[in-house]
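The figures that follow rest on heavy atoms only: side chains count, while hydrogens, waters and symmetry mates do not. Chain letters run A, B, ... following the sequence lines, proteins first, then strands; residues in each count from 1.
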Amino acid sequence: MSTSQEINLTVNGEPVSEIVDSRRSLVDFLRDTLELTGSHVGCEHGVCGACTVRVDGAIVRGCLMLAVQADGGTVETIEGISDSGEVADLQEAFHERNALQCGFCSPGMLMAAADLLTRNPGASRGEIRDHIAGNYCRCTGYQAIVDAVEAVGKQRQGGSR
Amino acid sequence: MKPAPFEFVRAASLDETFGAIARFGDDARILAGGQSLMPILNMRLAQPSALIDINGIQELSGIAVVDGKLRIGALTRHAELLTSADVARHAPLLAQAAPHIAHPAIRNRGTIGGSLAHADPAAELPACVLAHDATLNIAGPNGTRAVAAADFFQGIFETALDHGEILTSVDIPPMAGGAVAAFDELARRHGDYAVTGLAAVGSARGGSFAGLRVVFFALADRPVLAANAAAALEGQSDLTDAVRAALADDLADVADDLHTSAATKRHLAGVLLGRVLATIKTEAGR
C-alpha cells in the first residue's frame, strides 16, 4: 500500500523486476523504464489503439492499465511478437501493400490483426474492419491495411498472398 | 495526460476491500477493468487518493445458473459475454450488445460490474440488464442486498450503490417462453458511444407482439423503459401511430445533449424501434 511498489513480471519472455509509481501506466513503463518504445502513446484514453499490447495473451490498452496491475503477469509488445516471427507474414504484407506510412499506428494495428487472425483467419473484410475499428490511422485511409490483413488470413488458410 | 498520484491497494477479498475503503474514505475508488475509470483519472476529471484493485477477488468472477437464474459475476469481462454459451442462451441481450461495446482491447478488460456501477447513460449493459428485468447483488461492510435494475440506475453516473458498497453479481431471470431478444444501436463510428440505442425482449406469437420490455439508452440520464410503447404494442403486429404516440410519452423528458438534439434522438428512437420489432418478428417466427 503505497504510491510506489515493486513489480515482477515477464516481458517478451524475459523476467523483469522494477519499482514503479502506482500511477504509472503500463505503456509508459514499457517505453520509459524498459525502453521498449515500439508501443506508442496517442490519446491516453483508450480510443486510438496506438498503445495496444498483449497481457496474459489478450490485447489490452497499455494506456488504461497500470504497470502495477501487470505484476505477476506476462506482457508481449511489438518487439516480442516481431522477434518471435509471429507477425512476420503480416509485416511483409503491410510492406507489400503499403499498409503503413508514418508507422505510428502500425504496432497497435499488428497487435490487433494478429489477435483477429489467431481466432478467425478467414475473417471477412467487414470483420477485419470491425476488429481494427479501435486502431486509428491518420495516413493510409485503412484500405491497404484491410487488404494486407485479408491477404495474410487467406495465406494462413493455405492459399497464397 | 497522467493521473494525479494515488495509493494502490490490491484487495484479495471483499473484507479487504471494505477495510481499504474505510481507511481511505470518500476519496477511494474501486478499480476493476479500468476502461472508464482510467480515462477519467488520466484527464484528471477525478483525483482519488487511493485505487483499490478488485481484479483478484475470486468470488466476483464466474457465470453460472443458480436457482433457475443466470448469475453473472461482476468481474466478467465484456469479451466473456461474447463467448459464453450460458449468456447466449439465458441473457442474449448481453451477447448481442457486447460487440457494440468499444473495441476488442477494451472488451478484454472492461467488466459488466464496472459498466453497471459506472452508469454512463450511453452504455449498453445498463439497458440490457433492465430489459432482462435483472436483479443486481450488492455487498457492503454491513451485509448484502439486492436491487432491481429498475431501481438501480438513478442518474448520470448515479446508482443505488452507497459509497463503500460494491456490485458483486447480476441475476438474470429466465425469459418468458417464446421470448426473443433484439438489440441495436446507432453510433457515428463502430465502437463509438451510442447516439441512440435499444435493448428489447418479447415475443411475437403469430406475428402479434406480447410481453415486450423495450429499453432505450443514450437518450436520457439513465436507461428508459418505454412502458407506454410496450403496452400499446401488446397484441399489435406493427409500429402504429398509437404506438408512436405512446413512445412520445415515454420519451417526453428527452433533452438535447452536446451532440444530438432531442428531436433527432426521438426520431432515431422510432427508427430503432421499427428495426428491433422487425427482428423480434423474424426471430420469434423461427
Got [X] and [Y] here, is their nearest side-chain heavy-atom distance under 4.5 Å?
{"X": "Met38(B)", "Y": "Arg61(A)", "value": "no"}
{"X": "Arg109(B)", "Y": "Gln69(A)", "value": "yes"}
{"X": "Ile59(A)", "Y": "Pro104(B)", "value": "yes"}
{"X": "Val60(A)", "Y": "Ile106(B)", "value": "no"}

So Phe8(B) and Val20(A), side chain to side chain contact (heavy atoms under 4.5 Å, CB included) or not? Walk me through it.
-> CA-CA 11 Å; Phe8(B) 180 83; Val20(A) 296; over 6 Å; no

Measure from the side-chain N and O atoms of His103(B) to the backbone N and O of Gly134(A), and report whether any donor-acceptor pair falls under 3.5 Å.
->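 Confirmed, His103(B) side chain pairs with Gly134(A) backbone.
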
For the pair Arg23(A) (side chain) and Pro3(B) (backbone), establish whether a donor and an acceptor sit closer than 3.5 Å, ignoring hydrogens and angles.
-> yes

SG on Cys63(A) to NZ on Lys2(B), rounded to 0.5 Å = 9.0 Å

Does any heavy atom of chain A fall under 4.5 Å from the side chain of Leu37(B), the backbone, both, or neither of them?
-> neither

Check each atom of Arg10(B) against the heavy atoms of chain A and say whether the ones under 4.5 Å are side chain, backbone, both or neither.
->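 For Arg10(B), the side chain is the part near chain A, not the backbone.
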
Sort by residue number and list every member of residues 44-53 of chain B having a non-hydrogen atom under 4.5 Å from chain A.
-> Arg44(B), Leu51(B), Asp53(B)

When only heavy atoms count and the cut-off is under 4.5 Å, which of residues 76-101 of chain B reach chain A?
-> none

For chain B, the option from Ser22(A), Ser25(A), Ala58(A) that forms the most heavy-atom pairs under 4.5 Å =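 Among the listed options, the one with the most contacts to chain B is Ser22(A).
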
Can you confirm whether [X] is buried at [atom1], in the sense that more than 12 heavy atoms of other residues, nucleotides or ligands lie under 6.0 Å from that atom?
{"X": "Lys154(A)", "atom1": "NZ", "result": "no"}
{"X": "Tyr193(B)", "atom1": "OH", "result": "no"}
{"X": "Gln157(A)", "atom1": "CD", "result": "yes"}
{"X": "Arg156(A)", "atom1": "CZ", "result": "yes"}
{"X": "His259(B)", "atom1": "NE2", "result": "no"}

Side chain, backbone, both or neither: which part of [X] has a heavy atom under 4.5 Å from chain B?
{"X": "Asp130(A)", "result": "both"}
{"X": "Asn135(A)", "result": "neither"}
{"X": "Leu66(A)", "result": "side chain"}

Closest heavy-atom pair and its distance - Gln35(B), Leu64(A) = OE1-CD1, 3.5 Å

Heavy-atom closest contact (Glu44(A) atom, Met1(B) atom, distance) =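 Scanning both residues, the minimum pair turns out to be OE1-N, 2.8 Å.
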
Based on non-hydrogen pairs under 4.5 Å, which of Ala4(B), Ala20(B), Ser36(B) is most in contact with chain A?
->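 Most pairs with chain A among the choices: Ala4(B).
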
Would you check, one step at a time, whether the test side chain to side chain contact (heavy atoms under 4.5 Å, CB included) holds for Thr3(A) with Glu7(B)?
-> CA-CA 5 Å; Thr3(A) 55; Glu7(B) 305 235 13; 4.2 Å; yes

